[in-house]
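Working notes, beginning with the structure itself.
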Amino acid sequence: MDKALSEFDWSLVQAFLAVAETGSLSAAARQLGRSQPTLGRQIKTVEAQLGAELFHRQPRGFSLTQMGTDLVGPAQAMRDAMRQIAISAAGQQARLDGTVRITASVATSAMHLPPIIAKIRQLEPQIAIELVPSDDTSNLLFREADIAVRMYRPTQLDLVTQHIGDIELGVFASKSYLENSGAPISFENMMDHDFVGYDTLPHIIDGMAQVGLRADRDMFKVRCDDHIAYWELVRAGCGIGFAQANVGRPDPLVVELMKDIQIPPLPIWLTAHEAMRQTPRIRRVWDLLAEGLKPLVS
């Protein structure tokens, strides 16, 4: 094997990919936490070892040559393999102490997880918890989170899942809204009222369709995708809204409406990478999360 190619190391592949994907040394340096001169030297080293130009240097950045374009796929496969090695190695750790990173929706993170995490800390003080409230799908395969709390069943390969149960949903309006607008007296009459809906998310419209209510985005005179802000809009009297029954029913500011409407429930799933699931601290946090979430489901 050529000596130069035998010394072709992972840091050079990282440098090449970062510049290829960002188009500039400065952006790649920020992404990798390296200096711009270091990235520049590493790109020159890669090209020297391969004996080919990988980038066209342009005033506004770097663009790939044909050779560079051909190498992006293999380099990404190498990156995926390195991440898989890191996951497998982490999964073999036997100690209970360490950090577990949990991701969940913003609403779940704010409304349900704090007391559960407090209980985990009391029972296992050697385990640190990182909570990532996000309505985006974090990639468990790439260690962006160790455990995810999902409101749907993930279908990616190499993941283990546990269905905790289904959360009952209800229709609610604030007492102040009902004082001003009156309470709906029938299924049909309810559609003449103001509703609080989502801005871009289709979940409410899809759910209403499942129970025979035709709706479109324009029906909702107040719209918001953030679930915490959404609930506060309902509580403030902006209109009729939808919420988890375990959130709405104890709230003294709101009243549950049309209890006979059968709204499809919201499932809760725990998810982790199968290699990481057997790490003692992750397994312990998984079990405590499952225990803490079960009172929320029917």
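The structure displayed is predicted, hence computed values, not measured ones.
Following chains of ILVMFWY side-chain contacts shorter than 4.5 Å, one can reach Leu289 starting from Leu123, so the two form part of one hydrophobic cluster.
The main-chain N or O of Gly241 is never found under 3.5 Å from a side-chain atom of Tyr230 such that the two would form a donor-acceptor pair. Counting only distance, with no hydrogens or angles, the side chain of Ser174 and the backbone of Val254 share no donor-acceptor pair below 3.5 Å. For Thr45 (side chain) and Arg41 (main-chain N/O), a donor-acceptor pair under 3.5 Å exists by modelled atom type. Side-chain atoms of Ser105 come within 3.5 Å of backbone N or O of Thr108 as a donor-acceptor pair. A donor-acceptor pair under 3.5 Å links the side-chain atoms of Glu47 to the main chain of Leu54, judged by distance alone. Under a 3.5 Å cut-off, the side chain of Asn246 and the backbone N or O of Arg249 do not form any donor-acceptor pair.
The nearest pair of heavy atoms linking Asp146 to Ala272 is O-CB, 3.4 Å. Contact detail for His56 and Leu64: the closest heavy-atom pair is CD2-O, 3.8 Å. Of all heavy-atom pairs between Ala229 and Cys224, the closest is CB-SG, 3.7 Å. Heavy atoms only, all atoms of each residue included: Trp286 and Leu270 are closest at CH2-O, 3.4 Å. Listed here is the closest heavy atom pair of Gly239 and Val196: N-CG2, 3.8 Å. Between Ala15 and Arg34, the shortest heavy-atom distance links the atoms CB-NH1, 3.9 Å.
Donor-acceptor pairing under 3.5 Å is recorded for the side chains of Ser63 and Gln58. Donor-acceptor pairing under 3.5 Å is lacking for the side chains of Ser24 and Thr22.
The ring pair (Phe, Tyr, Trp, His ring centres under 6.0 Å) pairs that include a residue from residues 102-133 number zero, where partners must be two or more places apart or lie in different chains. Here ring pair (Phe, Tyr, Trp, His ring centres under 6.0 Å) pairs that include residues 247-269, with residues two or more places apart or in two chains, are His163-Trp269. Residue pairs satisfying the salt bridge (Lys or Arg N to Asp or Glu O under 4.0 Å) criterion with at least one member in residues 106-130, sequence neighbours excluded, are listed as follows: Arg101-Glu130, Glu124-Arg284.
The side-chain heavy atoms of Leu266 and Tyr152, taken from C-beta on, include no pair separated by under 4.5 Å. With a 4.5 Å cut-off on side-chain heavy atoms, Asn189 and Pro184 count as touching. Here the side chains of Asp194 and Cys238 are not in contact, with every heavy-atom distance at 4.5 Å or above. Side-chain contact between Asp251 and Arg235: present, with at least one pair of heavy atoms (C-beta onward) separated by less than 4.5 Å. Looking only at side-chain heavy atoms (C-beta outward), Ile204 and Phe195 stay at 4.5 Å or farther from each other. Here the side chains of Leu288 and Val285 are not in contact, with every heavy-atom distance at 4.5 Å or above. Using a 4.5 Å heavy-atom cutoff, the side chains of Arg153 and Pro267 are not in contact. Looking only at side-chain heavy atoms (C-beta outward), Glu168 and Gln244 stay at 4.5 Å or farther from each other.
In this structure, Asp199 pairs ionically with Arg217, as a charged nitrogen and a carboxylate oxygen lie closer than 4.0 Å. For the pair Asp97 and Arg281, the salt-bridge criterion is not met [side-chain N within less than 4.0 Å of a carboxylate O].
Leu293 contributes atom CG, which lies 7.5 Å from atom CD1 of Ile167 (distance to the nearest 0.5 angstrom). Rounding to the nearest 0.5 Å places CG of Leu17 at 9.5 Å from CG of Leu71. Here CD1 of Ile268 is found 12.0 Å from NZ of Lys294. Values are rounded to the nearest 0.5 Å. Note that CD of Gln31 is 9.5 Å distant from CG of Leu39, once rounded to the nearest 0.5 Å. Once rounded to the nearest 0.5 Å, the distance linking CG of Asp206 with CG of Leu201 reads 10.5 Å. How far NE2 of His193 is from NZ of Lys221: 14.5 Å, rounded to the nearest 0.5 Å.
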| field | Stepwise side-chain contact (heavy atoms from CB on, under 4.5 Å) test for Ile282 and Ile147 | value | CA-CA 8 Å; Ile282 293 178; Ile147 301 174; 3.9 Å; yes

| task | Apply side-chain contact (heavy atoms from CB on, under 4.5 Å) to the pair Phe172 and Ile240, showing each step before the final yes or no. | result | CA-CA 6 Å; Phe172 297 91; Ile240 296 171; over 6 Å; no

| query | Yes or no on side-chain contact (heavy atoms from CB on, under 4.5 Å) for Glu53 and Met67, after CA distance, side-chain angles and deciding distance? | reply | CA-CA 7 Å; Glu53 258 194 2; Met67 170 66 82; over 6 Å; no

| field | Intermediate values then yes/no, side-chain contact (heavy atoms from CB on, under 4.5 Å), Gln14 and Gln42 | value | CA-CA 9 Å; Gln14 283 183 307; Gln42 289 177 320; over 6 Å; no

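By the neighbour-count criterion of 12 heavy atoms within 6.0 Å, atom CZ of Arg57 is densely surrounded, having more than that number from other residues, nucleotides or ligands. Surrounding CD of Gln76 are more than 12 heavy atoms belonging to other residues, nucleotides or ligands, all under 6.0 Å away.
Aromatic ring centres of Phe220 and Tyr198 lie farther apart than the 6.0 Å criterion allows.
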